[in-house]
Amino acid sequence: MDRALIIGASGGIGSAVSAELSRRGVEVTGLSRSSDGLDVTDDASVERHLSALEGPFDLVFCATGALEIDGAAPEKTIKRLEPEAMLAQLRLNAIGPALVLKHAIRLVPRASPAVMATLSARVGSIGDNAIGGWYSYRTAKAAVNQVIRSAAIEFGRSHRHLACVALHPGTVETAFTEKYADSHPTVDAGTAARRLVDVMEGLTADHTGRFFDYAFKEIPW
C-alpha cells in the first residue's frame, strides 16, 4: 500500500487512521468538511473534490458518519421516530458513502490490488440485531451495507483485484460515541486505527462485498 485517500480525515477515526497509515509509510491524502468544505451528501461537492485528485490510490477509506445529527438522539422506541431525523441519517450515513464510491472508483487501479473500505457499524447488521431500537441509525447503516455489497459486485467486473468492503471499528472513544458507550468496552482512536489498518492491509479481492469487524471477523449482513 503506497497511497491512500481518506474521506472524513478530520474526524476521530479518520484522523487516527490517517496518522497510522502515515506512520507505516503510506502517502495519505485527506479530505473533510471542516478542512476542505467537502459535503459528502452533495453530489456536486463530492464530484468537484474527487475530480481534482490524481490517482491511483491503493486505498480509499470513507470514514464519514454520525450517530446523532442536529440533536436527534437514537430512538429507543419507534414512537420516537421522526421522518426528518431518519432522512438526515440516510443522507449522511448511506448516500454520502455511496457518492464517494461513485466518484472515487476512477481513482482506483484496475490491474493491481486495491481497497475501498467504508466505515459501517455492527448495529447495521440485520442478522446480528437482537435488541432492536436505534431505528434511523440502524436503517442507514443497513442501507450503506447494501450499497457496499452492490458496488462490490459491479466493481468486480472492471477491477478484479479490488476489495470493496464495510468495516466495523468497535466502540471507539470519540465525541461520536461519548454519550452512548454505556457498558460496552471501548478503545482509544489510535488502537482502533491500528486494528482497522491491519484489516485493510490483509484484504484481498476474495474479501470483496463482505462486512468485517476490527478483528477481521465477518459480520452477517
Side-chain angles (χ1 to χ4, degrees), residues 3-18 21 26-72 82-110 114-121 124 136-159 162-167 169 174-176 196 200 208-209:
R3 300 183 72 213
L5 172 62
I6 310 300
I7 307 298
S10 66
I13 295 175
S15 61
V17 167
S18 296
L21 287 166
V26 179
E27 177 189 330
V28 177
T29 298
L31 290 173
S32 69
R33 186 184 188 106
S34 61
S35 300
D36 307 285
L38 171 63
D39 180 358
V40 296
T41 69
D42 181 78
D43 190 39
S45 178
V46 179
E47 180 178 22
R48 182 171 65 254
H49 282 86
L50 294 192
S51 66
L53 300 177
E54 293 291 336
F57 289 96
D58 309 299
L59 168 66
V60 177
F61 178 49
C62 185
T64 59
L67 177 57
E68 185 176 301
I69 302 173
D70 296 330
E82 296 290 341
E84 288 305 316
M86 178 173 271
L87 285 170
Q89 283 288 336
L90 288 166
R91 280 191 291 268
L92 180 59
N93 288 317
I95 295 173
L99 292 175
V100 170
L101 290 172
K102 173 185 176 181
H103 294 291
I105 186 62
R106 73 168 190 87
L107 299 170
V108 173
R110 289 174 178 258
V115 172
M116 298 186 85
T118 298
L119 206 60
S120 186
S136 297
Y137 185 69
R138 281 188 188 276
T139 299
K141 288 300 187 180
V144 78
N145 286 351
Q146 183 69 285
V147 169
I148 297 300
R149 176 67 174 172
S150 294
I153 294 169
E154 178 181 350
F155 295 163
R157 299 178 186 126
S158 57
H159 295 69
L162 175 66
C164 181
V165 301
L167 296 179
T174 67
F176 183 89
L196 287 173
M200 289 187 278
T208 200

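Numbers here simply count residues along the sequence, with the first being 1. The figures here come from the full heavy-atom set of this structure, side chains too, leaving out hydrogens, waters and symmetry mates.
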Closest contact, heavy atoms only, Asn145 versus Ala166: OD1-CB, 3.7 Å

Among Ser34, Ser18, Ser15, side chain to side chain donor-acceptor pair (under 3.5 Å) partner for Ser10: Ser34

Main-chain N/O of Arg48 paired with Ser51 side-chain donor or acceptor, under 3.5 Å: yes

Among Val40, Leu38, Asp39, Val46, the one residue meeting side chain to side chain contact (heavy atoms under 4.5 Å, CB included) with Asp42: Asp39

Side chain to side chain, Ile105 and Glu154, heavy atoms closer than 4.5 Å: no

Please list every donor-acceptor pair under 3.5 Å in which a side-chain atom of residues 53-61 meets a protein atom from a residue at least two apart or in another chain.
from	atom 1	to	atom 2	distance (Å)
Asp58	OD2	Asp2	N	2.6
Asp58	OD2	Arg3	N	2.8

Taking every non-hydrogen atom, the tightest pair across Cys164 and Ala151: SG-CB, 4.4 Å

Exam field: side chain Arg106 to backbone Leu50, donor-acceptor pair closer than 3.5 Å: yes

Spacing of Ile6 atom CD1 and Ile13 atom CD1 [to the nearest 0.5 Å]: 12.0 Å

Student check: side-chain heavy atoms of Thr64 and Arg33 closer than 4.5 Å: no

Taking every non-hydrogen atom, the tightest pair across Asp43 and Lys102: OD2-NZ, 3.2 Å

Side-chain (Thr41) to main-chain (Gly96) donor-acceptor, under 3.5 angstrom: no

Distance (rounded to the nearest 0.5 Å) between Thr118 OG1 and Ile148 CD1: 3.5 Å

side-chain contact (heavy atoms from CB on, under 4.5 Å) involving Ser136 - partner list, sequence neighbours excluded: Glu75, Leu81, Met86, Gln89

Smallest separation among heavy atoms of Gly65 and Leu92, with atom names: C-CD2, 3.9 Å

Nearest heavy-atom neighbours spanning Ala117 and Met200: CB-SD, 4.0 Å

Between CG on residue Asp36 and NE2 on residue His49, distance to nearest 0.5 Å: 5.5 Å

Spacing of CG belonging to Leu87 relative to CD1 belonging to Ile69, to within rounding of 0.5 Å: 10.5 Å

Working for side chain to side chain contact (heavy atoms under 4.5 Å, CB included), residues Asp70 and Glu84: CA-CA 10 Å; Asp70 296 330; Glu84 288 305 316; over 6 Å; no

Value rounded to 0.5 Å, distance of CG in Leu31 from OG in Ser45: 9.5 Å

Ala140 to Leu90 - nearest heavy-atom pair and separation: CA-CD2, 3.8 Å

Full working for side chain to side chain contact (heavy atoms under 4.5 Å, CB included) between Met116 and Val100: CA-CA 10 Å; Met116 298 186 85; Val100 170; 5.9 Å; no

Pairwise distance CD1(Ile7) to CG(Leu119) - rounded to 0.5 angstrom: 13.0 Å

